[in-house]
2 protein chains.
Amino acid sequence: MKCEKNQFNCPVEATLSLIGGKYKPLILWHLIDHPLHYMELQRLISNATPKMLSQQLHDLENNGMIHREVIPEKPPKTVYSLTPFGQSIVPILDAMCQWGNNYLDGLDVQPPCCQSRK
Amino acid sequence: MKCEKNQFNCPVEATLSLIGGKYKPLILWHLIDHPLHYMELQRLISNATPKMLSQQLHDLENNGMIHREVIPEKPPKTVYSLTPFGQSIVPILDAMCQWGNNYLDGLDVQPPCCQSRK
DNA sequence: CAGGATCCCATCCGATACTG
DNA sequence: CAGTATCGGATGGGATCCTG
């Protein structure tokens, strides 16, 4: 999904335009409790290709949801963390995760991660 | 987005697979308080083409979120309404709508509909 | 290590026209 | 009224290879 400031049919559309990307909810989810390096995210979201991961990270950064900091070392590191704006959307992720778990339960599917937070 | 029962990276993905379509949240939103006819939905969601609207309606029906009842009259009528399963996801829509309104406020954009419910 | 570049395919979505 | 059929463009997402 695009992340522009165009007209939306509904505020819900606006919300989805920010977190509707394939790996975006998952990225945000992993960043809730602590910042992570690119490599750690790559390992946690292993079926995302590097291209997809960095693309989604850039989208989230451009929308102000996450902060990207490069640490000039050898080897170089990049740390991603939630901004306050990104934090503000966590309750929605929580609600969606909880509902999604109930739904998957009904299908007898084991969710691969984040069954519940905390 | 597709709506299959495949593997999801995250329960949030499962949720998005059901309500992530372009007009799905809006359709569900309009059906919260009362059932609607196809034509009423078409009028409320005027920039959806008939093809898109009926496609999204079918998706929602196949996933058990809405109920479709054909009333054999002349002229024919079709009534769409939320199922209990569809009702169960309303809190998420509420949360997303509320957050989206705050977000759009910050952009000085007037949301076109459903500023708040009730 | 953290990604960018390139190529390509699947799906989403819109416009227009038509039907029981 | 309540859709379906068809075509085509836009976008999302994957595979592979390459670089500072």
Side-chain angles (χ1 to χ4, degrees), chain A residues 1-10 13 16-27 30-31 35-63 66-81, chain B residues 1-4 6-10 12-13 16-27 30-31 35-63 66-81:
Chain A
M1 285 189 190
K2 278 185 309 184
C3 296
E4 296 172 0
K5 291 163 188 169
N6 312 358
Q7 235 67 323
F8 294 108
N9 295 310
C10 169
E13 302 282 340
L16 283 176
S17 76
L18 294 178
I19 62 169
K22 183 159 187 183
Y23 302 108
K24 286 176 190 174
L26 203 46
I27 292 170
H30 285 303
L31 293 177
L36 289 174
H37 298 164
Y38 180 87
M39 199 48 199
E40 296 174 310
L41 283 168
Q42 179 76 77
R43 185 176 46 79
L44 288 168
I45 312 174
S46 55
N47 48 355
T49 61
K51 167 192 159 184
M52 285 312 301
L53 187 56
S54 64
Q55 180 182 296
Q56 307 264 305
L57 285 167
H58 278 305
D59 284 354
L60 290 170
E61 187 192 1
N62 289 333
N63 291 317
I66 63 173
H67 176 68
R68 176 177 182 268
E69 185 174 6
V70 180
I71 301 177
E73 292 181 352
K74 292 168 188 174
K77 293 208 168 192
T78 313
V79 179
Y80 294 93
S81 56
Chain B
M1 285 190 191
K2 278 185 309 183
C3 295
E4 297 173 359
N6 310 359
Q7 236 65 324
F8 295 108
N9 295 310
C10 169
V12 176
E13 304 281 341
L16 284 176
S17 75
L18 294 178
I19 63 170
K22 183 158 187 184
Y23 302 109
K24 287 176 190 175
L26 202 48
I27 291 170
H30 285 303
L31 293 178
L36 290 174
H37 299 164
Y38 179 88
M39 200 49 200
E40 294 174 311
L41 283 168
Q42 180 75 79
R43 185 175 46 78
L44 287 167
I45 311 174
S46 55
N47 48 354
T49 61
K51 167 191 157 181
M52 285 312 300
L53 186 56
S54 64
Q55 180 183 298
Q56 307 265 304
L57 285 168
H58 279 304
D59 284 354
L60 290 171
E61 187 192 2
N62 289 334
N63 291 318
I66 64 174
H67 176 66
R68 175 177 182 268
E69 185 173 6
V70 179
I71 301 177
E73 291 180 352
K74 293 168 189 173
K77 291 208 167 191
T78 311
V79 179
Y80 294 93
S81 56

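Residue numbering restarts at 1 for every chain, and letters A, B, ... go by the order of the sequence lines.
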Notebook entry, point to check: Do the side chains of Leu53(B) and Ile27(B) get nearer than 4.5 Å, heavy atoms only?
Noted result: yes
Notebook entry, point to check: Ile27(A) has an atom CD1; how far is it from atom C1' of dG13(D), in whole Å?
Noted result: 13 Å
Note to self: Assess the residue pair Leu36(A) and His30(A) against the criterion (side-chain contact (heavy atoms from CB on, under 4.5 Å)); give the C-alpha distance rounded to whole Å, side-chain angles, the decisive distance to 0.1 Å, and a yes or no.
What the structure shows: CA-CA 8 Å; Leu36(A) 289 174; His30(A) 285 303; 3.9 Å; yes
Check: Quick one: Leu53(A) CG to dA15(D) P, roughly how many Å, whole number?
Finding: 14 Å
Between the protein and nucleotides 1-3 of chain C, which nitrogen or oxygen pairs are less than 3.5 angstrom apart?
unit_1 : atom_1 : unit_2   : atom_2 : d
dC1(C) : O3'    : Pro76(A) : O      : 3.4
dA2(C) : OP2    : Met39(A) : N      : 2.9
dA2(C) : O3'    : Thr78(A) : OG1    : 3.3
dG3(C) : OP1    : Arg68(A) : NE     : 3.3
dG3(C) : OP1    : Arg68(A) : NH2    : 2.4
dG3(C) : OP2    : Tyr80(A) : OH     : 2.4
dG3(C) : O3'    : Ser54(A) : OG     : 3.4

Notebook entry, point to check: Whole-Å distance between dA2(D) C1' and Arg43(B) CZ?
Noted result: 15 Å
Item checked: Donor-acceptor contact present, side-chain Glu69(B) to main-chain Lys77(B), <3.5 Å -> no
Checklist line | Shortest non-hydrogen separation from Lys22(B) to Gln56(B) and the atoms involved | finding: N-OE1, 3.4 Å
Notebook entry, point to check: Once you round it to whole Å, what is the distance between P of dA2(D) and CG of Leu44(B)?
Noted result: 13 Å
Check: Over how many whole Å does the gap from Lys22(B) atom NZ to dA15(C) atom C1' extend?
Finding: 13 Å
Next item on the list: Using atom CE of Met52(B) as one end and atom P of dA10(D) as the other, report the distance to the nearest whole Å.
Entry: 16 Å
Item checked: Nearest-angstrom distance from the residue atom NZ of Lys24(A) to P of dT11(D) -> 14 Å
Next item on the list: Report yes or no: does Gln42(A) contribute a side-chain atom to a donor-acceptor pair with the main-chain N or O of Ala48(A) at less than 3.5 Å?
Entry: yes
Next item on the list: List for me each residue that meets side chain to side chain donor-acceptor pair (under 3.5 Å) alongside Asn47(B), sequence neighbours excluded, and say none if there are none.
Entry: Asn9(A)
Next item on the list: Measure from CD on Glu61(A) to P on dG4(C) and round the result to the nearest Å.
Entry: 10 Å
Margin query: On the nucleotide dG13(D), are OP1 or OP2 found under 4.0 Å from the side-chain N or O atoms that Gln56(A) carries?
Written below: yes
